[in-house]
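The structure appears right after this line, and notes come after that.
Both backbone and side-chain heavy atoms feed into the values below; hydrogens, waters and symmetry mates do not. Remember, it's 1-based here, ligands and their atoms both numbered in the order they're listed.
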Amino acid sequence: MQILAAAAPLWRTIDQPLALKGLVAMVGLLLIAWQLWWFLGRQGGGVAARQSEAGLQEITILVDGGYAPSRIKVKAGQPMRLAFHRVDPSSCLAQVIFPDFHKSLDLPLDATTSLELPPTKAGVYPFHCGMNMVRGVLEVE
Ligand SMILES: [Cu+2]
């Protein structure tokens, strides 16, 4: 193999100051931490359902790019009604599924659709969209 004339090398190393390398690494780590928080830790403490006179626990959930609130707190041993108001045209959100209750609900656009669930014992019951990409949690305590 022929060696090219010992001219200028094809690349040269530009040495950056250590402080700059450290800064770039820090920014990268902060972005990773922010991303983990955004996708995993963002739901916060949750929103409690309100109690109706009929002894039903009710809450309205806005469906717009996600579920708001996405963490719903209800009390154990009492029936509940979850009203989903969907304003997001994405077909991804056209259905919501409660696997633990073996229930699914179609959500027409620009409408409020309710799902009644029987009294349940304490636990954490996740729910999600038809494709399991958008998620929420029903926290029974
Ligand atoms: Cu989806």
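- Between K21 and D15, the closest side-chain pair of non-hydrogen atoms falls below 4.5 Å.
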Return a table of donor-acceptor pairs under 3.5 angstrom between the side chains of residues 116-126 and protein atoms on other chains or two or more places apart.
{"unit_1": "E116", "atom_1": "OE2", "unit_2": "R81", "atom_2": "NE", "d": "3.2"}
{"unit_1": "E116", "atom_1": "OE2", "unit_2": "R81", "atom_2": "NH2", "d": "3.0"}
{"unit_1": "T120", "atom_1": "OG1", "unit_2": "P118", "atom_2": "O", "d": "2.8"}
{"unit_1": "Y125", "atom_1": "OH", "unit_2": "K121", "atom_2": "O", "d": "2.7"}

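- Looking only at distances, no side-chain donor or acceptor of D88 sits under 3.5 Å from a matching main-chain atom of V63.
- Counting heavy atoms from C-beta on, the side chains of Q16 and V24 never come closer than 4.5 Å.
- Take the Cu ion (ligand 1) and draw a sphere of radius 2.8 Å; the protein N/O/S atoms inside it number 2.
- Looking only at side-chain heavy atoms (C-beta outward), F101 and L115 stay at 4.5 Å or farther from each other.
- Contact annotation: the side chain of Y67 never approaches that of I72 to less than 4.5 Å [non-hydrogen atoms, C-beta and beyond].
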